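Accompanying notes for the structure given below.
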Amino acid sequence: MHVLVTGADGLLGSNLVRLLLERKHKVSVFLHPSSRSNTLNDLPIQKFTGDILKPDSMEAAFTNNVDAVIHAAASTAIWPARSTKVCEVNIQGTKNVIDFALKNNISRFVYIGSGSSVNANVEPGSNYSYPGEKFKLDYIDSKYHALNYVLDSVKNKNLPAIAILPTYMIGPFDSLPSSGKMIVAIAKGKLKIYTGGGRNFVHVRDVATAIANALEIGTIGKYYIAGNENLSYKDFFGKVAAIVNRQAPKLKIPGWVVKSIGYAGTTIGSITKKEPLITYPMARISCENQFVDSSDAVNELKMPQTPIEEAISECYHWFQENKYC
């Protein structure tokens with residue numbers, strides 16, 4: 001199968017492309033011209049550059065006898081919290097990719113969303129239409145709306161789509177680094193505190209496996225949460241500390257203190273126009289338990305459940321090999 005992957009140069013894409021090649025798929029990737037990642041160097045893939053907000057730049061990649069599209073390209077920016085650009089990339093960009101997929105009669109479309117879109121039930125009496133809306137982050141909101149557009153396109157346009165919604169991915173090839181920032185911070189002895197919240201963690205390769213499997217199995221028009229272990233930040237940091245041979249953060253910061261710091265950061269950032277170390281939305285998120293159930297992905301997409309310790313170890317050793325820590 002000839003598979004086109006958008007946004008293939010990130011943590012997930014870099015692992016996914018390697019898995020697709022292992023499975024003998026022909027792989028093309030569509031990268032933004034600003035990409036500086038080297039995680040795809042020397043792989044036997046065809047590279048196209050362009051912008052999903054500029055349809056003319058997409059033509060060559062999507063008319064290249066592609067059988068399936070995996071749409072992973074997205075803006076994950078969380079500062080400022082409200083961003084027209086983030087919404088354009090994640091919503092209009094997704095619409096543009098879908099238009100090309102429909103125009104070229106692809107056999108399978110796999111949309112990569114965010115577990116934050118559906119990570120819990122809306123509280124009784126809430127004014128929010130979905131759980132993540134309360135954080136007031138355009139990144140989370142835009143991924144929610146893009147997911148709904150994908151699912152609506154299945155119903156109204158016969159788009160052969162499945163959505164995969166990863167939780168907090170850990171693993172090698174995290175070149176930014178993105179999720180691995182916490183591992184680097186602990187490895188360097190810079191993280192001394194923790195908050196009372198928690199989230200679901202998953203090995204990035206397990207998510208890649210679910211995506212690759214979704215090219216052939218799974219229910220069209222359904223979304224799957226791709227996660228593994230629900231952990232408090234204290235427990236996760238403890239696992240990291242044991243692997244990197246550092247002391248785990250010992251000081252728990254009360255939620256009201258974290259939120260106050262986040263509020264101050266957002267206020268100062270709005271004045272200075274510089275991204276603060278912590279914003280109010282991120283402070284709120286850090287105080288909550290974003291726990292999920294990934295049993296559908298495990299049962300229907302045959303997604304593995306690699307121990308999180310293994311994911312941390314592989315991530316840390318990749319950082320060491322590449323001089324991050």
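These figures come from a predicted structure and were not determined experimentally. We use all heavy atoms of the structure for the numbers below, so side chains are in, but hydrogens, waters and symmetry mates are not.
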Taking C-beta and beyond as the side chain, do [X] and [Y] meet within less than 4.5 Å on heavy atoms?
| X | Y | value |
| --- | --- | --- |
| L4 | F62 | yes |
| L19 | R205 | no |
| S28 | N64 | yes |
| M169 | N15 | no |
| V3 | L215 | yes |
| S142 | V89 | no |
| P172 | E314 | yes |
| K85 | S75 | no |

With no hydrogens and no angle check, just 3.5 Å: does a side-chain donor-acceptor pair link [X] and [Y]?
| X | Y | answer |
| --- | --- | --- |
| S83 | D138 | no |
| Y324 | K188 | no |
| S178 | D174 | yes |
| S35 | S37 | no |

How long is the gap from [atom1] on [X] to [atom2] on [Y], to the nearest 0.5 Å?
| X | Y | atom1 | atom2 | answer |
| --- | --- | --- | --- | --- |
| K250 | K192 | NZ | NZ | 11.0 Å |
| M182 | Y233 | CE | OH | 6.5 Å |
| I285 | F135 | CD1 | CZ | 5.0 Å |
| D293 | I225 | CG | CD1 | 7.5 Å |
| D152 | L159 | CG | CG | 11.0 Å |
| I211 | M303 | CD1 | CE | 10.5 Å |

Could you report the tightest heavy-atom contact between [X] and [Y], atom names first, then the distance?
| X | Y | result |
| --- | --- | --- |
| F30 | A61 | CD1-CB, 3.7 Å |
| Y139 | A77 | CB-O, 3.6 Å |
| G262 | A283 | CA-CB, 4.0 Å |
| K134 | E288 | NZ-OE1, 3.1 Å |
| P166 | G113 | CD-O, 3.3 Å |
| G171 | L11 | O-CD1, 3.7 Å |

### Task
Show the numbers, then the answer: is there a side-chain hydrogen bond (donor to acceptor under 3.5 Å, both in side chains) between D206 and T306?
CA-CA 7 Å; D206 293 351; T306 304; 2.8 Å; yes
Any donor-acceptor N/O pair, [X] side chain to [Y] backbone, under 3.5 Å:
| X | Y | result |
| --- | --- | --- |
| R108 | A68 | no |
| T266 | Y280 | yes |
| T39 | F173 | no |
| N289 | F291 | no |
| T195 | C287 | no |
| K273 | S270 | yes |
| Q305 | G227 | yes |
| K302 | N299 | yes |
| H32 | S34 | yes |
| H2 | N65 | yes |

Linked, directly or transitively: [X] and [Y] (ILVMFWY side chains, under 4.5 Å):
| X | Y | value |
| --- | --- | --- |
| I261 | I193 | yes |
| Y194 | I308 | yes |
| F201 | L165 | no |
| I112 | V17 | yes |
| V29 | V204 | yes |

### Test applied, side-chain hydrogen bond (donor to acceptor under 3.5 Å, both in side chains); reference residue, S313; option that passes from E309, H317, E310
H317
### Reference residue N230; test side-chain hydrogen bond (donor to acceptor under 3.5 Å, both in side chains); the match among N200, T167, D235
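The single option meeting the side-chain hydrogen bond (donor to acceptor under 3.5 Å, both in side chains) with N230 is N200.
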Within 6.0 angstrom of [X] [atom1], more than 12 heavy atoms from elsewhere:
| X | atom1 | result |
| --- | --- | --- |
| K222 | NZ | yes |
| N41 | CG | yes |
| N156 | CG | yes |
| N245 | CG | no |
| F48 | CZ | yes |
| L277 | CG | no |

### Task
Go through the structure and list residues passing side chain to side chain donor-acceptor pair (under 3.5 Å) with E216, not counting sequence neighbours.
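For E216, no residue satisfies side chain to side chain donor-acceptor pair (under 3.5 Å) once neighbours in sequence are set aside.
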### Task
Name all pairs fulfilling the salt bridge (Lys or Arg N to Asp or Glu O under 4.0 Å) condition that reach into residues 155-173, sequence neighbours left out, sorted by first residue then second.
none
### Y144 and E133: CA distance, side-chain angles, deciding distance, side chain to side chain contact (heavy atoms under 4.5 Å, CB included) verdict
CA-CA 9 Å; Y144 171 77; E133 189 176 20; over 6 Å; no
### Query
Hey, are D9 and K47 close enough for a salt bridge, meaning a charged N less than 4.0 Å from a carboxylate O?
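Between K47 and D9 there is no salt bridge, as every charged N stays at least 4.0 Å from the carboxylate O atoms.
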### Query
Any idea how Y111 and H71 line up, ring-wise: parallel (<30°), tilted (30 to 60°), or perpendicular (>60°)?
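Because their plane-to-plane angle lies in the 30° to 60° range, the rings of Y111 and H71 count as tilted.
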#### Entry: Trace of the side chain to side chain contact (heavy atoms under 4.5 Å, CB included) decision for V150 with Y223
CA-CA 10 Å; V150 171; Y223 67 76; over 6 Å; no
### Message
If you apply the rule side chain to side chain contact (heavy atoms under 4.5 Å, CB included), what do you find for T279 with L137, and how did you get there?
### Response
CA-CA 11 Å; T279 64; L137 273 175; 5.5 Å; no
### Task
Give the C-alpha distance, both sets of side-chain angles, the deciding distance and a yes or no for side chain to side chain contact (heavy atoms under 4.5 Å, CB included) between L16 and I70.
CA-CA 10 Å; L16 174 61; I70 299 173; 3.8 Å; yes
